[in-house]
Amino acid sequence: MLEIKFVRQNLSKVQEALAKRGNPIDLDVFKSLEEKRRKILSEIEALRHRRNLVSDEIAQMKKERKDAMERVTEMRGVSSRIKDLEKDLSQTEESVNQFLLNIPNIPDASVPLGKDSSENPVIKRIGKIQDVGFKIKSHWELGEKLKILDFERASKITGSRFPLYFGAGARLERALINFMLDVHTSEHGYTEVLPPFIVNRQSMTNTGQLPKFEDDLFKLHGWDYFLIPTAEVPVTNIHQGEVLAEDLLPIRYTAYTPCFRSEAGSYGKDTRGLIRQHQFNKVELVKFTTPETSYDELETLLQDAESILSRLHLPYQVVTLCTGDMGFSAAKTYDIEVWMPYQGVYREISSCSNFEDFQSRRANIRFKQKGKKGTELVHTLNGSGLAVGRTVAAILENHQQSDGSVRIPEVLKSYMGGIEVIRP
RNA sequence: GGAGAGAUGGCCGAGUAGGUCGAAGGCGCUCGCCUGCUAAGCGAGUGUGGGGCGAAAGUUCCACCCCGGGUUCGAAUCCCGGUCUCUCCGCCA
């Protein structure tokens with residue numbers, strides 16, 4: 001959420017920034033609501049001031065055993081007037097708030113201008129794409145032939161877009177989770193977290209999934225709870241409402257969680273394989289930083305995610321999301337895209353973002369500098385490190401051999417109980 | 001699921017016959033003094049958010065003692081509802 005004062009004082013700047021993102025918003029409604037809110041508020045405060053003064057007077061008169069009836073009667077009127085205004089105020093505040101909650105973040109100045117994903121500049125490509133000299137199979141074909149993936153049976157159990165792994169496939173998924181967590185905790189300085197997989201409405205609102213994107217979430221019947229679409233939600237909300245000591249920052253957490261997404265509106269897209277599922281596993285990286293360091297921390301966050309791909313010998317590229325392609329809460333985002341040889345395209349496998357104070361304002365996460373007055377909002381960041389199902393897909397396709405077997409990357413061997421190749 | 005106890009400032013902890021309580025006291029922290037160093041000691045200060053005035057220091061007003069309602073001229077204090085935590089019983093991986 002943007003700061004109300006900032007929006008009020010920078011109407012045209014905000015409007016311009018939102019136009020760049022491709023979601024123009026008419027701020028006139030906001031302007032008049034906000035004026036109304038401030039007008040009512042100052043009237044209420046004046047009346048409350050008066051009431052406070054006279055109430056003290058009444059107390060004094062009672063002490064001196066004087067008759068205070070006249071004042072009491074007067075204050076009855078004042079109090080009921082206040083009550084009416086308060087009702088009006090809370091309605092207006094609610095409207096202003098709803099408006100603000102639906103305004104996306106303002107892109108950082110370094111974010112390239114563009115209308116959609118076709119305009120995301122590639123900033124680097126790592127790893128060689130080799131011509132293997134045989135016909136590349138898709139990961140779903142490999143998975144089914146190797147008897148490690150079974151999409152048909154998964155749909156019997158639940159429906160379409162749910163994964164079912166067997167044997168070395170299940171082991172590979174688990175190996176990747178452990179490998180990623182181990183690297184991030186022991187080499188990159190993150191603290192491992194295992195959070196709830198179900199969160200309440202407030203947490204979803206704090207990180208920006210709500211109120212706008214409820215259709216993308218799975219909601220629990222009879223509860224105001226939701227399945228998490230990413231560990232970002234529970235992990236960022238660990239510190240909601242807290243004032244952190246500055247010397248604790250930056251805080252770095254990594255968490256494995258399953259992720260649940262309704263994928264509303266994606267009918268027909270990526271219908272085969274592991275790319276787009278209602279349930280998938282992900283290892284997430286989350287940081288809380290000071291405003292001064294958040295952009296440096298975004299760069300190292302990106303490196304931390306990249307290092308997983310390098311160690312798995314998977315070719316990838318990094319793009320900067322342009323203004324028109326960024327998520328609602330982000331101020332700047334890098335996507336890491338892994339090479340998927342069957343389709344011959346790079347596919348998103350990690351998304352690393354700096355949210356600046358957009359989430360921390362909603363979640364009220366602050367820090368305090370020693371010896372300094374007041375508090376300041378932290379900056380929050382997160383990135384996938386990595387999406388596990390897509391990593392399995394990438395390993396299958398990139399490390400397949402002409403006989404339909406798949407080589408396990410060296411770094412995973414110890415996690416795979418010595419399995420070096422998955423064979424039919 | 002049943003019974004009970006509790007929720008106060010960065011932390012601990014007073015405050016219930018409603019009025020000068022934004023809240024005692026302690027700890028912590030900041031600044032100053034003192035002191036071979038450290039510790040101790042002494043003095044002063046020290047919540048958050050919003051608004052007005054001010055270049056700033058500051059000053060002033062409003063709100064906040066878990067959350068939401070209610071009673072009242074006036075609520076941290078009384079009433080109702082909710083959330084969370086703890087204890088006991090039951091059940092359970």
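In the text below, chain A, chain B and the rest are named by the order of the sequence lines, each starting its count at 1.
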Can you measure [X] atom [atom1] to [N] atom [atom2] for me and round it to whole angstrom units?
X        : N     : atom1 : atom2 : result
A:Glu64  : B:U20 : CD    : P     : 16 Å
A:Asn364 : B:U48 : CG    : P     : 13 Å
A:Arg50  : B:U60 : CZ    : P     : 21 Å
A:Arg37  : B:C62 : CZ    : C1'   : 13 Å
A:Leu41  : B:G51 : CG    : P     : 9 Å
A:Glu43  : B:G52 : CD    : C1'   : 16 Å
A:Glu242 : B:U48 : CD    : P     : 17 Å
A:Glu3   : B:G51 : CD    : C1'   : 14 Å

Go ahead and name the base partner of [N]; Watson-Crick or wobble counts if both distances stay under 3.5 Å, otherwise write none.
N     : result
B:A40 : none
B:G6  : B:C84
B:C53 : B:G58
B:C29 : B:G45
B:C91 : none
B:U72 : none
B:C65 : none
B:A14 : none

For this session: Examine A:Phe288 together with A:His239 and report whether their ring centres are nearer than 6.0 Å.
Result: yes
Exercise. Is the A:Phe213 to A:Phe328 ring centre distance short of 6.0 Å?
Worked result: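 Between A:Phe328 and A:Phe213, which both carry aromatic rings, the centre distance is below 6.0 Å.
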Problem set entry | Short side-chain N/O contact to B:C29 OP1/OP2 from A:Lys368, under 4.0 Å | no
Exercise. Does a nitrogen or oxygen in the side chain of A:His49 sit under 4.0 Å from OP1 or OP2 of B:C61?
Worked result: no
Could you pull out every donor-acceptor pair under 3.5 Å between side chains of residues 376-383 of chain A and any protein atom, sequence neighbours left out?
unit_1   : atom_1 : unit_2   : atom_2 : d
A:His379 : ND1    : A:Ser294 : OG     : 2.8
A:Thr380 : OG1    : A:Gln359 : OE1    : 2.8
A:Asn382 : ND2    : A:Glu232 : OE2    : 3.4

Pairwise [atom1] distance, [M] and [N] [rounded to whole Å]:
N     : M     : atom1 : value
B:G54 : B:A40 : P     : 46 Å
B:G9  : B:A14 : C1'   : 13 Å
B:G43 : B:C34 : P     : 15 Å
B:U72 : B:U30 : P     : 49 Å
B:G19 : B:A75 : C1'   : 10 Å
B:G74 : B:G18 : P     : 15 Å
B:G47 : B:C42 : C1'   : 26 Å
B:A3  : B:C66 : C1'   : 23 Å

Exercise. Taking for each residue the nucleotide of RNA chain B bearing the nearest heavy atom, is the 5' side occupied by A:Gln60 or by A:Arg38?
Worked result: A:Gln60
For this session: Let me know, please, whether A:Arg8 or A:Val243 comes out on the 5' side of the other along RNA chain B by nearest nucleotide.
Result: A:Val243
For this session: Heavy atoms under 4.0 Å is the rule here; annotate nucleotides 63-85 of chain B 5' to 3' with B where the base is hit, S where only the sugar-phosphate is, and - elsewhere.
Result: S-------S-BS-----------
For this session: Under 4.0 Å between any heavy atoms, over every strand shown, what does A:Lys5 touch: base, sugar-phosphate, or nothing? Just pick one.
Result: sugar-phosphate
For this session: Quick one: sort the A:His188 and A:Tyr190 rings into parallel, tilted or perpendicular, breaks at 30° and 60°.
Result: perpendicular
Exercise. Taking the inter-plane angle between the rings of A:Phe99 and A:Phe30 on a 0 to 90° scale, is it parallel (under 30°), tilted (30 to 60°) or perpendicular (over 60°)?
Worked result: tilted
Would you please name every residue forming a salt bridge (Lys or Arg N to Asp or Glu O under 4.0 Å) with [X], sequence neighbours left out?
X        : answer
A:Glu337 : none
A:Arg261 : none
A:Arg37  : A:Glu34

Can you list, pair by pair, the side-chain donor-acceptor contacts under 3.5 Å of residues 406-424 of chain A, counting residues two or more places apart and other chains?
unit_1   : atom_1 : unit_2   : atom_2 : d
A:Glu410 : OE1    : A:Lys413 : NZ     : 3.0
A:Tyr415 : OH     : A:Asp182 : OD2    : 2.6

